[in-house]
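Sequence positions, counted from 1, serve as the residue numbers for this chain.
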Amino acid sequence: MKKSILVVFLLLNLIGFGQDETPRFTEYSTKFKAYHLAGKIDSITYISNKMLLNTDLNNLEKQFINFTLGVNYKSVNRYDEAIDKFKESIPFFTGSSRSINVLCQAYYFLADIYFTKQQYKKAFQYAELALKNEYVKNMPNGYITMHSIKAYYYYLNLEYDQSLKEYDLAEEKAKSQMPYRVPDVIMNKAKVLSKLKKYYEAKKHIERAIRLSDSFGYQATKINALKSLREILVENGKNEEANKLYYKIEDLSAQYILDKRNEKVDSLETIYKTKQKEALNKMLQKENVQKQKENNAQRIVIASISFGLLMLCLLLFYVYKLSKKQKQTNLLLSTQKADLERLNLLNQKIFTVISHDFKEPMLSLEVLLKSNLSDNQQSGKFNTNKELISNKLGQANLIMNNLLNWAKSELKIIPNKDTTSDVFAVAQNTISQLKPLLDNKKITVKNIIPADQKIAISADLLMIVLRNLLNNAIKYSYAENDIIVGLNEHTREYYVQDFGTGIAKEHLDQLFKAEMPSKIGTNQETGFGLGLQFVTEILKQNNGTLRIESELHEGSVFYFSVTEK
């Protein structure tokens with residue numbers, strides 16, 4: 001919305017200079033319009049700075065060129081340079097109606113930039129300057145934004161009554177001319193009412209914001225309104241209601257993320273189908289060309305029969321070469337299509353993993369950091385939850401590593417396939433890396449692999465295998481248990497053994513399948529089951545195997561081996 005408004009501002013000003021323009025300024029305006037619509041930021045900067053080199057510019061030209069440079073810098077988030085240019089345009093104010101409009105817009109943008117940079121006092125000052133001009137009063141979006149900036153500044157300075165007056169002005173303008181902005185205004189207004197101990201009035205404003213968000217289909221605004229309501233409930237000591245609302249917010253947020261992911265997937269699917277159509281069209285074009293060549297070849301054959309067997313042999317050789325080339329082309333197209341399908345599937349898997357596994361630790365951390373408790377309550381709450389959140393973030397970090405490694409696997413870029421590694425040394429290194437998780441559950445890992453045992457797989461890949469198997473064992477082990485890493489001398493299989501929850505026999509066949517959901521660990525650890533799938537893929541690509549023996553409530557043993565190439 002903001003970007004579209006900026007474009008309208010610029011075009012109106014460019015059109016409005018009219019009779020006062022010099023020929024060079026008319027040329028500048030024409031180029032600026034074209035570059036702005038084409039998004040050529042560097043070109044706008046070049047022609048603007050080139051214009052400023054002229055020593056005979058009038059004040060209106062100087063004001064407008066500096067202003068357009070400011071807008072140009074703001075559009076690419078170069079805020080400090082934008083501030084400088086807007087301020088440079090102000091002294092060239094001439095008093096004409098066109099110059100007043102440019103000045104007012106400069107104040108508007110300065111207020112907006114300073115608010116973005118969280119320099120609220122300066123934002124307040126420029127908002128006041130902008131509102132002194134009738135031009136902003138006739139500009140609904142600018143009017144609402146400037147009053148909202150002033151209201152927030154008063155809110156920060158505990159001047160709640162004055163803050164309410166500003167939000168009332170913004171709400172009145174939004175109701176009459178921009179109804180879709182009403183939910184944001186009254187949601188912020190509710191926070192002020194809560195500070196004034198007007199809990200029920202604040203709650204009514206939030207409920208109204210939620211209804212309006214539903215009517216406009218603004219799911220993100222609705223979620224923000226519910227978050228504001230939860231803050232108000234906590235602020236007014238209604239913790240039970242706040243806790244119930246948390247789960248509703250979590251569900252809505254998850255659905256919102258899922259909807260956005262589906263939109264992205266649909267977009268990728270559309271792009272993929274478009275590329276498929278393009279590839280099909282190219283293939284059909286090639287077939288048409290090929291048919292044309294074959295027809296020409298046939299005419300040549302008919303015309304060349306009289307030349308004897310020599311010409312016939314040459315023609316057959318020519319047809320053979322064309323047929324071979326066509327097969328190569330078809331093989332290339334088939335390979336490209338398979339790669340596109342695999343990459344599209346990888347995208348969908350990645351989106352699914354991100355939306356499932358990173359949502360909970362991030363939301364938990366956000367709720368803890370935003371909770372508005374007393375010092376004693378906050379300390380107790382933090383100490384209670386920091387360990388849980390730390391574990392969840394640790395799990396998220398491991399999942400991210402698996403996700404990246406899985407992507408490498410899917411893209412067929414796993415390195416160092418033809419090397420060997422010391423199993424005992426790699427196991428010791430892996431155990432050291434997982435020490436925080438082991439210490440957290442007071443678990444001891446016994447590495448009984450004989451020294452100098454070599455395996456036909458690189459150390460990096462072996463570490464990924466062991467780290468995932470050990471992490472899986474830690475996840476389902478009880479506190480103060482042991483985990484054993486060893487070698488079965490008879491079968492020449494390495495194994496990771498735990499004495500935790502174990503796996504039911506009916507679930508063993510589904511364990512390595514994508515549709516098998518990951519269980520919650522003994523310390524509430526979560527996951528997506530990506531680790532075991534990735535281990536299976538690594539071992540498969542390195543002539544290896546993975547199998548499991550498990551008894552429910554007694555523990556599991558994961559065996560793996562790699563055949564020398």
Minimum side-chain heavy-atom gap Leu164-Tyr155 below 4.5 Å:
no
State whether Glu172 and Lys175 are salt-bridged, where the test is any N-O pair (Lys NZ or Arg NE/NH1/NH2 against Asp/Glu carboxylate O) under 4.0 Å.
no
Rounded at 0.5 Å granularity, tell me how far NZ in Lys62 sits from CD1 in Ile65.
9.5 Å
Met51 and Leu57 have their tightest heavy-atom pair at O-CD1, 3.3 Å
Would Arg78 and Glu81 pass as an ion pair if we require N to O under 4.0 Å?
yes
How far apart are the closest heavy atoms of Ala106 and Ser89, and which atoms are they?
CB-OG, 4.0 Å
Donor-acceptor pair, distance only, cut-off 3.5 Å: does the side chain of Asn243 make one with the backbone of Asn239?
yes
Separation of Leu110 CG from Tyr79 OH (nearest 0.5 Å):
13.0 Å
If you apply the rule side chain to side chain contact (heavy atoms under 4.5 Å, CB included), what do you find for Val182 with Arg208, and how did you get there?
CA-CA 10 Å; Val182 172; Arg208 182 175 159 222; 3.9 Å; yes
List for me each residue that meets side chain to side chain contact (heavy atoms under 4.5 Å, CB included) alongside Leu129, sequence neighbours excluded, and say none if there are none.
Tyr107, Tyr126, Lys132
Can Lys117 and Asp112 be said to form a salt bridge (Lys or Arg N to Asp or Glu O under 4.0 Å), step by step?
CA-CA 9 Å; Lys117 290 168 67 69; Asp112 188 53; over 6 Å; no
Give, for atom CG of Leu437 and atom CG of Asn471, the distance between the pair rounded to the nearest 0.5 Å.
6.0 Å
Using a 3.5 Å distance criterion without hydrogens, assess whether the side chain of Asn49 forms a donor-acceptor pair with backbone atoms of Thr45.
yes
Rounded to the nearest 0.5 Å, what separation is found between the CG atom of Asn58 and the CZ atom of Phe64?
12.5 Å
Distance to the ring centre below 6.0 angstrom and angle to the axis at most 45 degrees; does that hold for Lys40 and Tyr35?
no
Should Asp161 and Val192 count as side-chain neighbours, where that means a heavy-atom distance under 4.5 Å?
no
Just by modelled atom types, is the Glu166 backbone N or O under 3.5 Å from a matching donor or acceptor in the Lys150 side chain?
no
Derivation of the side chain to side chain contact (heavy atoms under 4.5 Å, CB included) call for Asn157 and Gln162:
CA-CA 10 Å; Asn157 287 275; Gln162 192 63 35; over 6 Å; no
Can you confirm whether Ser48 sits close enough to Asn72 that some side-chain heavy atom of one is under 4.5 Å from a side-chain heavy atom of the other?
no
Between Met178, Lys173, His147, Glu171, which is the residue that forms a side chain to side chain contact (heavy atoms under 4.5 Å, CB included) with Val185?
Glu171
Evaluate Asn141 against Arg181 for side-chain hydrogen bond (donor to acceptor under 3.5 Å, both in side chains), listing each step before the verdict.
CA-CA 9 Å; Asn141 191 68; Arg181 291 207 59 181; 2.9 Å; yes
Derivation and outcome, side chain to side chain contact (heavy atoms under 4.5 Å, CB included), residues Asn224 and Asp184
CA-CA 9 Å; Asn224 288 333; Asp184 283 324; 5.7 Å; no
Stepwise, does the side-chain hydrogen bond (donor to acceptor under 3.5 Å, both in side chains) test hold for Ser163 with Tyr153?
CA-CA 8 Å; Ser163 178; Tyr153 177 78; over 6 Å; no
Heavy atoms only: give me the nearest Thr221-Ser213 pair and the separation to one decimal.
CG2-OG, 3.3 Å
Can you name the closest pair of heavy atoms from Phe92 and Asn59 and give their distance?
CB-O, 3.4 Å
Exceeds 12 heavy-atom contacts within 6.0 angstrom, atom NZ of Lys87
yes
Stepwise side-chain hydrogen bond (donor to acceptor under 3.5 Å, both in side chains) check, Gln63 with Thr94
CA-CA 9 Å; Gln63 181 191 24; Thr94 66; 5.1 Å; no
Given 3.5 Å as the limit, does a donor-acceptor pair link the side chain of Asn54 with the main chain of Asp56, or not?
no
Is a donor on one side and an acceptor on the other found under 3.5 Å between the side chain of Lys222 and the backbone of Leu212?
no
Taking C-beta and beyond as the side chain, do Glu128 and Gln125 meet within less than 4.5 Å on heavy atoms?
no
Pairwise ring pair (Phe, Tyr, Trp, His ring centres under 6.0 Å) hits with a residue in residues 183-221, at least two apart
Phe216-Tyr218
Are Phe86 and Phe109 an aromatic pair by the rule of ring centers under 6.0 Å?
yes
Looking only at side-chain N and O atoms, does Ser43 offer a donor or acceptor that is under 3.5 Å from a partner on Lys31?
no
Is any side-chain heavy atom of Tyr73 closer than 4.5 Å to one of Ile41?
no
Between Ser99 (side chain) and Ser96 (backbone), is there a donor-acceptor pair under 3.5 Å?
no
Check whether any side-chain heavy atom of Tyr28 lies under 4.5 Å from a side-chain heavy atom of Glu61, and answer yes or no.
no
Tightest non-hydrogen contact, residues Ala127 and Met146, listed as CA-SD, 3.6 Å
Polar side-chain atom of Asn468 near backbone of Ile464 as donor-acceptor pair, under 3.5 Å:
yes
Determine, step by step, whether Thr68 and Ile44 satisfy the side chain to side chain contact (heavy atoms under 4.5 Å, CB included) criterion, reporting the C-alpha distance in whole Å, the side-chain angles of both residues, the deciding distance to 0.1 Å, and the verdict.
CA-CA 9 Å; Thr68 55; Ile44 293 174; 5.7 Å; no
Assess the residue pair Glu201 and Lys204 against the criterion (salt bridge (Lys or Arg N to Asp or Glu O under 4.0 Å)); give the C-alpha distance rounded to whole Å, side-chain angles, the decisive distance to 0.1 Å, and a yes or no.
CA-CA 5 Å; Glu201 188 174 351; Lys204 286 182 179 179; over 6 Å; no
Within the 6.0 Å centroid threshold, strictly below: Tyr152 and Phe115
yes
In Å, rounded to the nearest 0.5 Å, how long is the span from CD1 of Ile83 to NZ of Lys122?
7.5 Å
Rounded distance (nearest 0.5 Å) linking atom CD1 of Ile186 with atom OG of Ser228
11.0 Å
Shortest non-hydrogen contact from Asn133 to Cys104?
CB-SG, 3.9 Å
Answer yes when Lys195 and Glu235 have at least one side-chain N-carboxylate O distance shorter than 4.0 Å, and no when they do not.
yes
Decide yes or no for Ser148 and Asn188: does some side-chain heavy atom of the first lie under 4.5 Å from some side-chain heavy atom of the second?
no
Side-chain contact test, heavy atoms from C-beta onward, threshold under 4.5 Å: evaluate it for Tyr120 versus Tyr114 and give yes or no.
no
